[in-house]
Structures are given as structure tokens and as C-alpha cells.
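Throughout, numbering of the chain's residues begins at 1 and tracks the sequence. Excluded from the calculations below are hydrogen atoms, water molecules and symmetry mates; all remaining heavy atoms, backbone and side chain alike, are included.
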Amino acid sequence: MANIFSSLKNAYTLFKSVDFKKLEELSKKVDLPKIMDSVSNLDDTQLQGLMKMIGTPHEKRELPPIEGDFYHLGDEALKDEDRALQLKVRAFLEREVKPIVNKYWLRAEFPFELIPKIAELNICGLTYEGYGCPNKSNLMEGMLAMEMARIDTSISTFFGVQSGLAMGSIYLLGSEAQKQEWLPDMQQLKLIGAFGLTEPEVGSGVAGGLTTTAKRQGSKWILNGQKKWIGNSTFSDVTIIWARDLDDNEVKGFLVRKGTKGFSVEKMQDKMALRIVQNGLITLTNCEVDEEDRLQNANSFKDTAKVLKMTRAGVAWQAVGCARGAYESALSYTRTRKQFGKPIASYQLIQNHLVEMLSNLTAMQTLCFRLSQLQDQNLLTDEHASLAKVFCSMRTRDVVSRAREVMGGNGILLEYDVARFVADAEAIYSYEGTKEINTLIVGRAITGFSAFV
């Protein structure tokens, strides 16, 4: 009798929990008796698996944070104050840059309203000593270059031209008077600089084929020629122009001030990458520059190369940032995008892509980490910087490609950011020395033979 009452009680409880309206609707779609028969034949392990797969409507899964620094290099490597600065810059970029960057990228315009806000961060000329510069480590500078490129490679490039190429040329090769005149205001972004090396017919071969010329006439130099792809040049206050001295055939640097007669800039149009960067085609027609505006310690291309060695490390970090931004965007997308009733991040093929991306990204980060250590120890060589530039720019291409792939058709829409990273990765691949040129620099170092022609 007790068993009968127990069975009736269980049945009553079961009936109370059943939504008969839903049961009726379900019976019109599936064979309920067949399903009940199949489920009743499952063993305990199979039932547990079925319940785990079904879950409950109110179950919320605690997902791990989206973090592209998988080996926690930033946590371990930076002092507390530097880590705080890194996070401050990251918050600024998330708050001020990310919401507007696609709009400006699409229109190929520069967000000038950001310049005074970036100045407030006090990070320009980060590694230089004196002249209002913070005198931080090269590792810190690399980390910040990565943070900028993680949100937008164009903003990172603008900053790299200002802080690295332009200020670096003056800091490494200028006279004390030139440093005092330019660096404090450039550090505060009150004056903007550009770096004019590449030419329309001379890209990576500038060491031996620079066609822009300089001829001294009394206390002045007469510059003639053209420069192409010169970032910031459409609005710069000073442009470092590199020209070959007709008298001794050596490369020299000149500080060409805005408004100098014979100096004109035309904005380059229709780029598919780094669209926020304002690249210019510079034409120099009997452009007169005073001797006091010649970089006093730039007497050959070997001096120019000192600047390039320093900034090439920064470009490797930019590649890391571009890859990280694409990876983190793709990971976030795959955790919310559902197909067949589940987030696509739960599928094996998607996870394979994500892990491949993270593997490349982590390898790039650890390589650049060591590169910056060498730089801080004054052990950095041209081949060290070139190897990092080659590897990171190649791997970035792979990461952004996989990021676009896991996002399907949405991967080509600007609103999801990855399309911008895909395009900008192509520019990173080519500037600051192509893969081929940097490969030959490393090849010469490891074999003892120069393959340059």
C-alpha cells in the first residue's frame, strides 16, 4: 500500500511540473513515445551527458577573461608604476579612440582632437632623457606601441613617426641647440614632426640609391627631389628630409620647417590600409634650408640607420598589437555568435583557429619582449631588429586572416574591427623595411655573406 501511495505522490509531483500546453505542441513536432523509449534506455553516464548538453534555461557560464597576453608578460616584466601607465594608456584608447576610429578610418581623416589628449598621457619621447621626456625603458615603449596598435595601427603609426622617427632623429643626431629648440614642444605634441626618407622610385634601397639631392651654397643648402609615403607630412611643423650631398655623395639630414619655400606636400589618396595616417607626396624644388637646420651629427646613411634600428623594434611591437586586437576581437565574437543553438566558440574547428592565433601572438610577444631587453641592455643589433620585424609582420598576417575567417561574412564589415586589422597588417608587412630586405640583413649576419645587390 505504501508503494502505491508513493507512486501516486511522485506522479502528482510530475504532473504538476509538466507544461501540458508545451507537451502538446511538442507532440505535433516529434514522436514523443519514441523519444521516451530512447531516453529510458540510456545508462547513467549517457543521461548525465544528455543533461549536461541540455543544461538549464537559467544557467550562466562563467567565461574566462579575454586576454591576449597569455603568458602575462606585462604583469611580470613591468614595475608597478609602469604597469599602471600601461593600463592608463589602455583605458584611454578604449574610451577615447575605439569609439571613433572606424569613422575616421573610413573617411581617411585624422582625429586631430585626440592630439592634446594624447599629450596629457606624457608618453611621447618615452625613452629619451631630458627635454621633458619620461626616460622610461624600451620595453615600456614597446608595450605602449602594442597597446596603441591593439586598438588602431594608424594611431600607433602617427605616434611612432612623431615620437620615434622624427624626435629620434633629432635626439640621436641633432646638435644640442636643435634638441633644445624642437624636443620639448614635440614631446608635448605642440609641434608635430615627419620623417622623409622613402622616395617614389626608391623604397628599401635608400642606402645606395637616394635620389633627393642637397647642394651647399654658402650658409644654405638647396634640396631637390621627391619623398613618398611620408606620414604626418600634410600637417607637420617640421619634416626630417634625407638627401644625398652632391659634393661628397653622403646622406645628410635636414630639418625642413613648415612653410619653407620650395617645399610642397600632396596628400596621398585611396589607400586600403592605415587610412587615418596622413601620408604625403613631398616635392622639393630648390628648397632652401639653413646650415643651422642641418642635422649636425648626420653625416652618412650609417647615422640614418641608427634611427631605423631603434624604430624597427617599435614596428615589431606594432605588429603584435595589430595581431592582438584581431585575436581579442575574434575571440569575443565567437563567444557570442551562435550557430546551431550554440556559441561557435564551442566548436572544435573554431577553437583550432583561436589556438593557432594565440600561439602566433604569444611567440611574437615573447620575441619582442626579448628584443626590448636587448635594447635596454644596449645589445640591440640591426639583425636583432630585422628578425623581429620579419617574423612578427608575417605572423600578424596569419593571425588577422584567421580572425577574419572565424567571423565569416561579418569579418569583412568595418563595425567588427577585424577588417581594419586585416588591411592594416598589409602596411605593417611592408614599411620599415620589407620582408626581403630585413631577411637579407639577418642572412648576412648568420652566414657572413652579403646577398645585397
Heavy-atom neighbours of Glu129 CD exceed 12 at 6.0 Å: no

Distance-only donor-acceptor check, side chains Thr311 and Glu432, under 3.5 Å: yes

Arg397 to Tyr429 six-membered ring, cation-pi geometry met (6.0 Å, 45°): yes

Polar side chain donor-acceptor pair, Thr396 to Ser393, under 3.5 angstrom: no

Inter-residue atom distance Leu73.CG - Leu78.CG, 0.5 Å rounding: 9.5 Å

Cationic N near anionic O, under 4.0 Å, Arg83 to Asp80: no

Partner residues of Tyr347 under the ring pair (Phe, Tyr, Trp, His ring centres under 6.0 Å) criterion, sequence neighbours left out: none

Lys227 side-chain N/O to Leu197 backbone N/O, donor-acceptor pair under 3.5 Å: yes

All side chain to side chain contact (heavy atoms under 4.5 Å, CB included) counterparts of Asn410, not counting sequence neighbours: Tyr333, Arg337, Leu413, Tyr416

Closest contact, heavy atoms only, Leu361 versus Val320: CD1-O, 3.7 Å

Test side chain to side chain contact (heavy atoms under 4.5 Å, CB included) applied to Gln278 - qualifying residues, sequence neighbours left out: Phe110, Thr234, Phe235, Lys267

Step-by-step salt bridge (charged side-chain N to carboxylate O under 4.0 Å, His left out) determination, Glu81 to Lys79: CA-CA 6 Å; Glu81 64 179 56; Lys79 300 175 184 177; over 6 Å; no

Side chain Thr362, main chain Ser359, donor-acceptor under 3.5 Å: no

Set of side chain to side chain contact (heavy atoms under 4.5 Å, CB included) partners for Pro134, sequence neighbours left out: Asn122, Leu126, Lys136, Gln187

Ionic contact status for Glu199 with Lys228, cut-off 4.0 Å: no

Face-on cation placement of Arg107 at Tyr104 ring, 6.0 Å and 45° thresholds: yes

Neighbour count above 12 (heavy atom, 6.0 Å) for Leu349 CG: no

Nearest atoms (heavy-atom pairs only) where Phe159 meets Ile123: CZ-O, 3.4 Å

Exceeds 12 heavy-atom contacts within 6.0 angstrom, atom CD of Glu67: yes

From Trp105 atom CH2 to Ile276 atom CD1, the distance as rounded to the nearest 0.5 Å: 9.0 Å

Identified side chain to side chain contact (heavy atoms under 4.5 Å, CB included) partner of Val442 from the options Asp382, Leu387, Thr447: Leu387

Partner residues of Lys338 under the side chain to side chain donor-acceptor pair (under 3.5 Å) criterion, sequence neighbours left out: none

Neighbour count above 12 (heavy atom, 6.0 Å) for Trp229 CH2: no

Flag, side chain of Ser332 to backbone of Glu328, donor-acceptor distance under 3.5 Å: no

Crowding at CZ, Phe452 (>12 non-hydrogen neighbours, <6.0 Å): yes

Phe112 atom CZ, over 12 foreign heavy atoms within 6.0 Å: yes

Under the side chain to side chain contact (heavy atoms under 4.5 Å, CB included) test, residues paired with Ala149 that sit two or more places apart: Thr153, Ser156, Gln318

Heavy-atom closest pair, residues Leu139 and Trp317: CD1-CZ2, 4.0 Å

Ion pair Glu94/Arg150, N-O distance below 4.0 Å: yes

Side-chain donor-acceptor pair present, Glu147, Gln86, cut-off under 3.5 Å: yes

Heavy atoms of other groups near Ile412 CD1, more than 12 under 6.0 Å: no

